[in-house]
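Notes to accompany the following structure.
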2 protein chains.
Amino acid sequence: MAQTIQEPSARLSPSTEDYLKAIYKLEEGDPVPTKALAGELEIAAASVTGMTKRLAERGLIEREPYKGATLTDAGTKVALEVIRHHRLLELYLKEEIGHSWEELHEEAERLEHHISEAFEDRLDELLDHPTRDPHGHPIPTRSGEVEETATQRLADLEDGDRAVVGHLSDKNPALLEHLEECGLMPGASLEVTEAQEVTEAQEVAEAQAFEEPIAVRVEGGEPQLVGRVVARSVFVFLAAS
Amino acid sequence: MAQTIQEPSARLSPSTEDYLKAIYKLEEGDPVPTKALAGELEIAAASVTGMTKRLAERGLIEREPYKGATLTDAGTKVALEVIRHHRLLELYLKEEIGHSWEELHEEAERLEHHISEAFEDRLDELLDHPTRDPHGHPIPTRSGEVEETATQRLADLEDGDRAVVGHLSDKNPALLEHLEECGLMPGASLEVTEAQEVTEAQEVAEAQAFEEPIAVRVEGGEPQLVGRVVARSVFVFLAAS
DNA sequence: TCCCTATTTTAGGCAAGACTAATTTGTTTC
DNA sequence: GAAACAAATTAGTCTTGCCTAAAATAGGGA
């Protein structure tokens with residue numbers, strides 16, 4: 001239980017921060033198994049065993065052999081700081097620098113490990129203390145509080161349901177491009193309508209691209225068809241009806 | 001002469017980039033000796049020997065044992081790209097983010113290794129294709145051209161000389177703070193005046209801080225005394241008289 | 001020319017982080 | 001309860017970049 005205490009000023013390696021971020025993402029109460037972590041980080045399981053041992057020694061995670069890893073308070077703090085950096089950067093790069101969806105993630109993924117606290121604070125100010133990144137993910141506060149996240153998928157709504165877009169899956173940049181054109185951005189109000197209201201031409205076009213579409217009217221716009229695949233990457237807050 | 005050719009897309013390590021930058025800075029025609037490089041990078045000479053061997057194998061430098069290292073064309077290209085990143089970032093952090101002189105260098109030193117070409121291009125655009133960083137150092141173009149740099153020090157001027165500030169030594173943030181207050185920023189026109197024109201009170205104050213002051217009038221301002229130490233960190237273009 | 005000294009290189013080590021291959025453990029199933 | 005299988009760990013390697021201590025070398029001065 002060496003639990004080496006180190007300089008508080010010491011910068012953690014990008015790799016270390018990536019592990020903590022990944023554990024934060026994957027843990028939902030239970031410890032994160034080695035294989036899951038290896039999958040998320042796209043490295044070999046044996047490498048994860050080695051690294052998690054070191055992280056445990058440093059007091060950033062707790063490790064139960066053959067079970068998995070859990071963040072300690074110190075580890076959670078680091079993970080949230082990195083996520084805060086990432087999301088502030090994404091918003092900034094989108095709003096101020098004009099990066100595409102494609103470039104956003106990659107750039108933020110690198111820079112999140114290297115900006116100073118002063119830079120973080122200035123971004124926060126410049127962006128007027130935002131609470132969500134461009135995908136709608138909550139930006140943790142400096143003190144580590146995180147807003148609630150939508151869990152319902154647009155694909156699972158029923159005719160007549162009203163909802164507000166919460167966040168979007170950030171896996172696929174092309175899909176985000178498409179969602180932006182559809183107006184399905186975080187904060188947008190929408191209503192699921194009857195399929196009949198949509199013109200046939202649109203239906204054919206959409207159906208070719210993404211099977212089994214759902215008909216949606218975004219506030220202030222015309223009804224449109226949205227493919228199931230697409231609708232599954234849109235997470236919404238269902239309005240009380 | 002293995003000269004391993006690698007993926008053109010492969011990102012070089014921060015350490016590699018720092019070596020190339022340091023060699024670029026220190027080489028003036030002749031090869032850079034191991035000890036000089038070790039001093040610049042603040043590491044042991046033996047470490048430099050090891051690393052320069054690897055850089056030579058990769059075709060980024062040429063190495064003559066017991067003589068020193070010289071950049072190849074490929075190495076020069078990398079060095080200039082990194083310097084371009086650094087200087088664009090410094091200007092950006094100063095102008096848009098509002099970093100202090102103190103924070104500037106450190107932040108740019110880290111980020112220069114991690115921004116994308118797209119980011120670099122956007123900074124260049126946002127800043128309206130600048131040619132100088134906040135210290136007055138020339139920003140290399142994408143294609144690797146570098147503007148001329150002033151070589152004359154303010155401290156070495158004579159009474160009556162007129163000059164334009166070229167660049168400032170970036171070693172000491174506090175000094176830069178002071179220079180900014182004096183109006184001695186890159187681009188400023190100035191004239192070296194007689195010492196008598198300066199009030200006695202000012203003289204005493206300045207003399208205590210920095211010995212053997214020089215009297216300077218910055219265009220549009222009053223004559224003031226500038227310590228020799230300070231004046232030695234100001235590089236100027238002497239106006240033809 | 002020979003020696004002295006500063007510089008450089010070699011030798012040997014260490015930590016981080018990755019890998020593959022081989023082994024161990026836990027779990028499930030018959 | 002034993003066999004089978006998946007997951008995890010161990011063992012052993014590799015590269016990068018740094019270190020110290022010891023040996024080699026180059027170049028100037030007597």
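Note on naming: letters A, B, ... go to the chains in the order of the sequence lines (proteins, then strands), and numbering restarts at 1 for each one. For clarity, every value in this text was computed on a predicted model and none was experimentally measured.
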Check: residues 67-79 of chain B side-chain donor-acceptor pairs under 3.5 Å, at least two apart:
{"from": "Thr72(B)", "atom 1": "OG1", "to": "Gly59(B)", "atom 2": "O", "distance (Å)": "2.8"}
{"from": "Thr72(B)", "atom 1": "OG1", "to": "Leu60(B)", "atom 2": "O", "distance (Å)": "3.0"}
{"from": "Thr72(B)", "atom 1": "OG1", "to": "Ala74(B)", "atom 2": "N", "distance (Å)": "3.4"}
{"from": "Thr72(B)", "atom 1": "OG1", "to": "Gly75(B)", "atom 2": "N", "distance (Å)": "3.1"}
{"from": "Thr76(B)", "atom 1": "OG1", "to": "Thr72(B)", "atom 2": "O", "distance (Å)": "2.8"}

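- Spacing between atom CD of Glu64(A) and atom C1' of dA7(D) amounts to 15 Å, rounded to whole angstrom units.
- For the pair Leu12(A) CG and dA15(C) P, the interatomic distance rounds to 18 Å; values are reported in whole Å.
- The side chain of Lys53(A) contributes an N or O atom lying less than 4.0 Å from OP1 or OP2 of dT10(D).
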I'd like to compare against my own output: the B/S/- annotation of nucleotides 3-8 of chain C with a strict under-4.0 Å heavy-atom distance to protein. ----SS
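- No hydrogens or angles considered: a donor-acceptor pair under 3.5 Å links the side chains of Glu145(B) and Ser143(B).
- Between Asp18(B) atom CG and dG17(D) atom C1' there is a gap of 12 Å when expressed in whole angstrom units.
- Between the side chains of Arg58(B) and Thr16(B), at least one donor N or O lies within less than 3.5 Å of an accepting N or O.
- Separation of the His113(B) and His114(A) ring centroids does not fall under the 6.0 Å cut-off.
- The shortest side-chain heavy-atom distance between His85(B) and Glu117(B) falls under the 4.5 Å cut-off.
- The ring pair (Phe, Tyr, Trp, His ring centres under 6.0 Å) analysis of residues 136-158 of chain B, with sequence neighbours excluded, yields the pairs His135(B)-His137(B), His137(B)-His167(B).
- Phosphate contact (OP1/OP2 of dA18(C), side-chain N/O of Ser15(A), threshold under 4.0 Å): present.
- Residue Arg54(B) places at least one side-chain N or O closer than 4.0 Å to OP1 or OP2 of dG17(D).
- Rounded to an integer number of Å, the gap from Leu37(A) CG to dA8(D) C1' is 13 Å.
- Whole-Å rounding puts the Arg11(A) CZ to dA16(C) P distance at 18 Å.
- Under 4.0 angstrom from either OP1 or OP2 of dG17(D) there lies at least one side-chain N or O belonging to Ser13(B).
- Taking atom CD of residue Glu57(A) and atom C1' of nucleotide dA16(C), one finds them 13 Å apart after rounding to whole Å.
- Between the side chains of Ser13(B) and Ser15(B), no donor N or O sits under 3.5 Å from an acceptor N or O.
- Residue Met51(A) contributes atom CE, which lies 15 Å from atom P of dA15(C) at whole-angstrom precision.
- The distance from atom CD1 of Ile43(B) to atom P of dT16(D) is 15 Å, rounded to the nearest whole Å.
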